[in-house]
Asks: 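Following this message is one structure expressed as structure tokens.
Both backbone and side-chain heavy atoms feed into the values below; hydrogens, waters and symmetry mates do not.
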Amino acid sequence: MTSTIELPLWFVIIAGLLALIAFVERLLTPAVRWFFRRRVNRAIEELNTRLKLKIRPFGLTKRRILVDRLAYDPEVVAAAEAYAEEEDMPLEVAMANAQRYASEIVPSFNAYAYFRVGTRLARAISTALYRVRLGYTNEEALADVNPDATVIFVMNHRSNMDYVLVTYLASASTALSYAVGEWARVAILQHLIRSMGAYFIRRNARNVLYRRVLARYVAMATEAGVTQAVFPEGGLSRDGKLRPVKLGLLSYILNGYEPEGRDIVFIPVGLNYDRVLEDRTLIAEIDGKSEPVSGSTKFKRTMGFIWKNFKLRLAGRWHRFGYACVSFGSPVSMKAELKQRRIKNPASLSQKRRANLVEAIGGDLMVAVGDVVPVLPVSVVSTVLQSADDGGMSLLSIKAAAGRLMDDLVAGGAHVHIPHADHDYAVEAGLRMLVLRHVVEMDDEGNYHIADGEGALIAYYANAIAHLQNGTKPDLP
């Protein structure tokens, strides 16, 4: 027992490292996890005392548990069986695909990442790029929303900044779970997005099993009361106009609705910008002639854009990109909608009638979103200049026509953001933004006109408020 054993030094080092790892894993790691878990729970409890829409237990459940729960949901299993039979594959392979889809979709919400990192970063980015303004808000109606209801923010989609801007403005009330397209599935970024509670979707997926898994996840989150944000248009507007409604996510939300369960409340959200960061790229895609752009090319262009603006800032010639404004409309209760339509239970309807119901509600929601889209200076000036003749317009003429246009829009119920409550300043701010971008030029006679080749860009910003004009054109002098 007291004899000496000689061991190689490398063996002793490896054995010592393994012993240290075992010590950390068995003794220290559980204690550290318990310590941080307790602090996180306390932070969440504190957050829930001041949030209007609470963080639900579903969002705090471990991701692995949610993935398994989704993959082995009875409806998903039945869909996997049907898919395996249709595709003539083993059930095990179909279930493995369902597991992979579930893992791809389910987020990993982290309250600390959302409120301590994400919302602060969203605020810093938003206010650095824009003069951020909160437009119209029906505060009384929003205050009356049942805190136990599932709240769905329904928004128009102008820019990828929409995610950042709405996250910042809604952070005092709730944590939002977004449906994010495949564009964000890149290294590092996707992990951050998942931790913010967002879930990834394949926009144009035709795979029946995948769509069933996605539908069940959306239904599960809705049933659990998770606050969500959806873009019914399904993608960014290429021409600035509101796009037709795509009913995918809305149908998943509505088809799983139980009248006796938790109410679903939709809140229309309208967004507008004096400058959309992707405007020229979006316009180039309208005619379908633009060549597909690789990820590396997109990255280079983005870095070039950042570098250009950084140099302007160093030179003291950089300006923020005008105003960015968000308006929140009156809530729409699913229970109230069904009662008004005299429908007791959507599940009892035939497939065709249920599809018609989803289409009707989706269309009504998109109209409500369009009604609260804010009117901003660049959109007003673009609308006026679009109606000018080849000789251009003087500043005085632009102000007169813009003033009449804004008055008409207000009379029609539109929400016009007039900076400093000064019509002249609003026109000057919008015109200045277009001149700085060389979209509008002033000739030797002092008249402003659209620069060559920039008509599509002017139309893009005018189209943002075209649906609010009821077919009228500004009255030019």
Asks: Is there a donor-acceptor pair under 3.5 Å between the side chain of Y114 and the backbone N or O of L176?
Replies: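 Side chain of Y114 to backbone of L176: a pair is present.
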Asks: Counting only N and O atoms by type, is there a donor-acceptor contact under 3.5 Å from the side chain of Y130 to the main-chain atoms of R275?
Replies: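 Yes: the side chain of Y130 pairs with the backbone of R275.
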Asks: Judged by atom type as modelled, is there a donor-acceptor pair below 3.5 Å linking the side chain of S382 to the main-chain atoms of A462?
Replies: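 A pair under 3.5 Å: no.
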Asks: Please test L254 against F266 for side chain to side chain contact (heavy atoms under 4.5 Å, CB included), starting from the C-alpha separation and ending with a verdict.
Replies: CA-CA 11 Å; L254 297 175; F266 298 98; 3.7 Å; yes
Asks: For V381, what residues pass the side-chain contact (heavy atoms from CB on, under 4.5 Å) criterion, not counting sequence neighbours?
Replies: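 For V381, the residues satisfying side-chain contact (heavy atoms from CB on, under 4.5 Å) (neighbours in sequence not counted) are L385, V427, L431, L434.
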Asks: With a 4.5 Å cut-off on side-chain heavy atoms, are E223 and R262 touching?
Replies: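 A side-chain contact under 4.5 Å is absent here.
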Asks: What do you reckon, is CZ of R123 surrounded by more than 12 foreign heavy atoms closer than 6.0 Å?
Replies: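 12 or below, so no.
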Asks: Write down the atom of G403, the atom of H423, and the distance for their closest heavy-atom approach.
Replies: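 Closest approach of G403 to H423: CA-CD2, 4.4 Å.
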Asks: Is it true that R202 and E104 have a side-chain N and a carboxylate O under 4.0 angstrom from each other?
Replies: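 Looking at E104 together with R202, the answer is yes, because their closest N to O distance falls below 4.0 Å.
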Asks: Please evaluate residues I201 and Y210 with respect to the criterion side chain to side chain contact (heavy atoms under 4.5 Å, CB included), reporting the C-alpha separation (whole Å), side-chain torsions for both, the decisive distance (0.1 Å), and the verdict.
Replies: CA-CA 10 Å; I201 62 173; Y210 171 82; 4.0 Å; yes
Asks: What distance do L70 atom CG and Y101 atom OH have between them, rounded to the nearest 0.5 Å?
Replies: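 If we round to the nearest 0.5 Å, L70:CG and Y101:OH are 13.0 Å apart.
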Asks: Excluding sequence neighbours, so at least two apart, what forms salt bridge (charged side-chain N to carboxylate O under 4.0 Å, His left out) with R354?
Replies: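 R354 satisfies salt bridge (charged side-chain N to carboxylate O under 4.0 Å, His left out) with no other residue.
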Asks: Check whether any side-chain heavy atom of N156 sits under 4.5 Å from a side-chain heavy atom of M366, and report yes or no.
Replies: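 The answer is yes, as the side chains (C-beta and beyond) meet within the 4.5 Å cut-off.
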Asks: Is a side-chain N or O of N463 found less than 3.5 angstrom from the main chain of K241, in a donor-acceptor match?
Replies: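 Such a contact is absent between N463 side chain and K241 backbone.
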Asks: Heavy atoms only: give me the nearest V164-S126 pair and the separation to one decimal.
Replies: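 The pair with the smallest heavy-atom distance is CG1-OG, 3.6 Å.
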Asks: Within this structure, what is the CG-CG distance for the pair L169 and L271, rounded to the nearest 0.5 Å?
Replies: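 Answer rounded to 0.5 Å: 8.5 Å.
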Asks: I want to check something: taking the side chain as every heavy atom from C-beta on, are M334 and I361 in contact at a cut-off of under 4.5 Å?
Replies: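 Heavy-atom side-chain distance check passes, below 4.5 Å.
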Asks: Can you tell me how far apart CG (L250) and CD1 (I152) are? Round to the nearest 0.5 Å.
Replies: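 Here the interatomic distance stands at 8.5 Å.
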Asks: Rounded at 0.5 Å granularity, tell me how far NE2 in H415 sits from CG in L468.
Replies: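 Here the rounded value is 9.0 Å.
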Asks: Side-chain contact, heavy-atom cut-off 4.5 Å: N146 with D263?
Replies: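 They are not in side-chain contact.
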Asks: Is there a donor-acceptor pair under 3.5 Å between the side chain of N272 and the backbone N or O of P374?
Replies: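 Yes; at least one donor-acceptor contact below 3.5 Å.
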Asks: Donor-acceptor pair, S177 side chain versus T227 backbone, under 3.5 Å?
Replies: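 No, S177 side chain to T227 backbone: no donor-acceptor pair under 3.5 Å.
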Asks: Between atom NZ of K339 and atom NZ of K344, what is the distance when rounded to the nearest 0.5 Å?
Replies: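 Here the interatomic distance stands at 12.0 Å.
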Asks: Report yes if the side chains of Y448 and M393 come closer than 4.5 Å at any heavy-atom pair, otherwise no.
Replies: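 They are not in side-chain contact.
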Asks: Hey, does the Lys NZ or Arg CZ of R158 hover above the aromatic six-ring of Y460, less than 6.0 Å from the centre and inside 45° of the axis?
Replies: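 The answer is yes; both the distance and angle limits are met.
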Asks: List the atom of Y461, the atom of V276, and the distance in Å for their closest heavy-atom pair.
Replies: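 Between these two residues, the closest heavy atoms are OH-N, 2.8 Å.
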Asks: Of all heavy-atom pairs between A426 and I418, which one has the smallest distance, and what is that distance?
Replies: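 Distance-wise, the nearest heavy atoms are CB-CG2, 4.3 Å.
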Asks: Just checking, is any N or O donor in the side chain of Y273 or D162 under 3.5 Å from an acceptor N or O on the other one?
Replies: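 Yes, D162 and Y273 have a side-chain donor paired with an acceptor closer than 3.5 Å.
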Asks: Donor-acceptor check, side chain of E285 to backbone of R238, threshold 3.5 angstrom: yes or no?
Replies: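 No; zero donor-acceptor contacts below 3.5 Å.
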Asks: Evaluate the criterion side-chain hydrogen bond (donor to acceptor under 3.5 Å, both in side chains) for residue pair T222 and Y252; output intermediate values, then yes/no.
Replies: CA-CA 9 Å; T222 303; Y252 299 156; over 6 Å; no
Asks: Which heavy atom of N138 sits nearest to which heavy atom of S330, and what is that distance?
Replies: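 N138 and S330 have their closest heavy atoms at ND2-OG, 2.8 Å.
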Asks: Find out whether T150 and V226 are in side-chain contact, i.e. whether some heavy atom of one side chain is under 4.5 Å from a heavy atom of the other.
Replies: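 Side chain of T150 against side chain of V226, heavy atoms only: no contact under 4.5 Å found.
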Asks: Can you list everything that forms a salt bridge (charged side-chain N to carboxylate O under 4.0 Å, His left out) with R131? Sequence neighbours excluded, please.
Replies: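 By the salt bridge (charged side-chain N to carboxylate O under 4.0 Å, His left out) rule, R131 matches no residue at all.
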Asks: As an exercise, state the distance from OG of S394 to CG of D443, rounded to the nearest 0.5 Å.
Replies: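 With rounding to 0.5 Å, OG (S394) is 10.5 Å from CG (D443).
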Asks: Could you tell me if T127 and Y168 have a donor-acceptor pair between their side chains, going purely by distance under 3.5 Å?
Replies: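 No, no side-chain donor-acceptor pair sits under 3.5 Å.
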Asks: With a sphere of 6.0 Å drawn around CG of D452, does it hold more than 12 non-hydrogen atoms of other residues, nucleotides or ligands?
Replies: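 Open: at most 12 neighbouring heavy atoms sit under 6.0 Å from CG of D452.
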Asks: Which pair of non-hydrogen atoms, one from M155 and one from V369, has the smallest distance, and what is that distance?
Replies: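 Closest pair (atom of M155, atom of V369, distance): C-CG1, 4.1 Å.
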Asks: Tell me, yes or no, whether the heavy-atom count around R341 atom CZ, taken from other residues, nucleotides or ligands under 6.0 Å, exceeds 12.
Replies: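 Yes - once you tally the heavy atoms of other residues, nucleotides and ligands closer than 6.0 Å, there are more than 12.
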Asks: Do the non-hydrogen side-chain atoms of Y323 and M433 ever get within less than 4.5 Å of each other?
Replies: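 Sidechains of M433 and Y323: no contact.
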Asks: Are Y163 and H157 an aromatic pair, judged by ring center distance below 6.0 Å?
Replies: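 Ring centres of Y163 and H157 closer than 6.0 Å.
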Asks: Return yes if some donor-acceptor pair links the side-chain N/O of R243 with the main-chain N/O of L236 below 3.5 Å, else return no.
Replies: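 Side chain of R243 to backbone of L236: a pair is present.
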